[in-house]
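In what follows, chains carry the letters A, B, and so on, assigned in the order in which the sequence lines appear, proteins first and then strands, with residues in each chain numbered from 1. Fair warning: this is a prediction, and the values are worked out from it, not measured in the lab.
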Amino acid sequence: MAGVPIDLQLLNLCAALLLLLSFAMLAQRRIVNLVNLLALQGALLLCATLLLAWRTGQAHLYVSALLTLALKVLFLPWLLHRLIRRLQVYWDSEPLLNIPVTMLAGLAVVVFAFGLAQPISALGSTATRNSIGIALAVVLLSFITMITRRKAMSQVVGFLSMENGLFFGAMSATYGMPMVVEFGVALDVLVAVLVLGVFFFQIREQFDSLDLQHLEKLREEAAAAGGGGNTSGGDN
Amino acid sequence: MIPLIHSPLSACLTLLAAWGLLGLAGLLRPRSLRLAGRTLFPLGALCGVALALVALLALFSPVEQRTLLLGLPDLPMHMRLDPLASVFLFLLGIVSAGISVFAAGYFRRGPGTPPGLLCLQYHLFLASMGLVLLADDAYTFMVAWEVMALSSYFLVTTQHALAEIRRAGFIYLLIAHLGATCVLLSFGVMQGGSWQFTFDAMRAAHLTAPWASAAFLLALAGFGAKAGLAPLHVWLPEAHPAAPSPVSALMSGVMLKTAVYGMLRVSFDLLGHPQWWWGLVPLALGLFTALFGAVFAAVQTDMKRLLAWSSIENLGIIFGALGLALVFRESGMLALASLALIALLYHSLNHACIKSLLFLGTGAVLHSTGERSLGRLGGLIHRMPWVAWLTLIGALALSGLPPLNGFISEWLLLQAFLFAHEVPRPFVNMLLPLGAALLALAAALAAYVMVKFFGVTFLGQPREAALARARDAGILERIGLVWLALACLALALLPTQIITALRPVLMELGGVAVSGTSPWWLLAPVPGRQVSYAPLVFLLVIVMTVLVTALAMRLFYHHRTRLARAWDCGFGALTARMQDTAEGFGQPIRHIFSSFFMMTRELPSPFDRSPHYRVVVHDRIWQTLYLPLTSVVQRATDSVAWLQRGRIAAYLLYSFVTLVVLLALML
């Protein structure tokens, strides 16, 4: 590592910390902590973007760093904290899989992601191309976070963390997406979270809980309605 | 405006755009009946007349092609106006003009789609049908075809509050999509590896025999689904009673003809290298459908359902004619192929005018009585003379009686069938004349159906007291009916001129001109054979006979009059309920063709104080084809239903696994 310049080393450190944070999120059962971890992930992403912007001198990366700061470090965590306070959900219930098994699955996913990223990194020309595997791993780990949680709130955190991973992947592969796309994605995330916030209130009003198990009831009704529709075809 | 109409094609496109704009104008005040009914629909009718005139002009102009600047990137829309398209555009213009005027007076306040929106859907429907006829590449054709299906679906489900109507609409949409998929696949085969989807590229493509046959059969399935060819006819008897009458008229009169156009376009224009057996498939299917439709029409008790089955019958005849023309062409008998083609085009024009007229007539009856069931109508000729007499013209024409127009096309087709024994193929030449027998049977049954339709509705005594309040149609509705009746009369009295006008189409489709040297009043379609028909002479004879009889009555009548109740044969104790009903009239057919039907009957016992008789006639195809199919689909879906857990975690897991598998495939 002696020949690697210091800024690149810092970037790699950021990437490694991102991955570590993903594992932390996978293991975390308190929703408040989960949101804090998400904010921390956003901050690391901000650092990585700034470093990359300084290194490559691309102006649009500064803009996207600003966007990251405003949206992922400040606004969304604040919004989620506020939601948690208003909905009184500080704890997640027992996850669907126990934590050690989830961590083992996460390990397997990371190995898979790195193996997958190797040929892509070989093709890449950017200085940060080795981080693509990490970005991919972050995406998949966030996915697992979403799968193994019961509470709607943790799913949203997983969703946002997945977006972080995608953002990091785009950055390390091609120095960031075009500005238009980035703005579009930022807006999408914002809207998605706002809409989900509204949904939380609706879900709680309906079921007195944010536990997604209650949504499974909806399926039986749908199946009954579908069956009724299908059998009516032959009476003519 | 002037540069827009310097050629027939641009004039057509301008008129189609005008239809679209009229539709959009309806959205300005969607609740206003006055705007849509009194302004936009009559303007749409004017556009229809103009379109008919332009199409007539284009029939004698050279073929015109143009690439529009509209469309997707690298997929501009190609337009082409040739004689074949002109004939169908003419049909669209003439028929839609009458229907639009009628519709202007027809739509009332009430539940369902508001008039402005209805106006948009209606004019979009018209414009898309025009675009189907003008399209010169598969992309434009499919877009127009689907817009046509969707806009008509929304028109069918105007009264979407009723579950029955939503169900009819769903069946229609389902079959329409099935058909569209087949058409799309057919185009996919016809491009023949060039991946150029213009029709020019398809004409130039060289297909091997199996692929060409596949394209032909796919097109037959696709267009047959739209035309109501058995066994894909099930949507027709459901959708027509559900739709408002002008929409039924438009669908039956014009939309079904776009399927005929599509089939003609594919089989005579786009597909080269035909196989000899191609014609036999539409011929057999068409004749079977014709008989099937006629038999079912005879046992219906709902006016619009009866007319829908009759449409199935007529489209069967048209597809039979198409098959016969293909058989003749493959045998090199171009004169007879042309004869069958003329019968086909003539019957398309006839059926468009007649069936629209009849559907509009049922619409007028429906509005003034609120009744669609024949069992509750009767005696309306006294209350609604305009509608009754104009409907009588349509009914006589559809029965195939001279001197009206239905006779001419059926006669021409029968002539073509009678020469079919000259086809130089064993078995085919023996079996084809049987087609003439089937056709004659279907035509006779059609006449039976029309007697029932007209007689039960308009003649005899009113079966319900409420019918006394029935009033005749309004002025706009009358204009629409008269327009279509006049079109029928023109088709009836000027066959020679019309057949001469169809000559460019025959030339385009590879036939030869027929009816060359006969005098203008005499129709002699096959040169050198002793068959001819003179409609004017026929009409003159009928008129003379009637006049002479009337005069003789005046002269020799003894002038002693006695007043008595009508139709009670001097018995005096008859009630209106004792008249022959639609069920009773159809009973012999139900008996003779009982193997066609599935009947459920409830017969009263002799000791029943309040006897109750109920008979429901089902289409066997539901039992033999559709229900097994739905149960197979149901079982298949049940077997994968466990995938649907209703758990978000499970769904996320599916996405995750899909993602990982796709990534692993890339590895």
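The ring pair (Phe, Tyr, Trp, His ring centres under 6.0 Å) search around B:Phe288 returns B:Phe292, not counting sequence neighbours. The salt bridge (charged side-chain N to carboxylate O under 4.0 Å, His left out) search around A:Glu163 returns A:Lys72, not counting sequence neighbours.
Heavy-atom distances place no part of B:Ser631 under 4.5 Å from chain A, backbone and side chain included. Both the backbone and the side chain of B:Val660 come within less than 4.5 Å of a heavy atom of chain A. Neither the backbone nor the side chain of B:Ala650 comes within contact range of chain A; no heavy atom of the residue lies under 4.5 Å from a heavy atom of that chain. Of the atoms belonging to B:Tyr626, not a single heavy atom falls under 4.5 Å from chain A.
For chain B, the option among A:Ile144, A:Leu136, A:Val139, A:Leu140 with the highest count of heavy-atom pairs below 4.5 Å is A:Leu140.
You'll find the ring centres of B:Phe154 and B:His160 outside the 6.0 Å limit.
With a 4.5 Å cut-off on side-chain heavy atoms, B:Arg305 and B:Met303 do not count as touching.
Between B:Phe296 and B:Phe597, the angle of the ring planes goes over 60°, which puts this pair in the perpendicular group of the 30/60° scheme.
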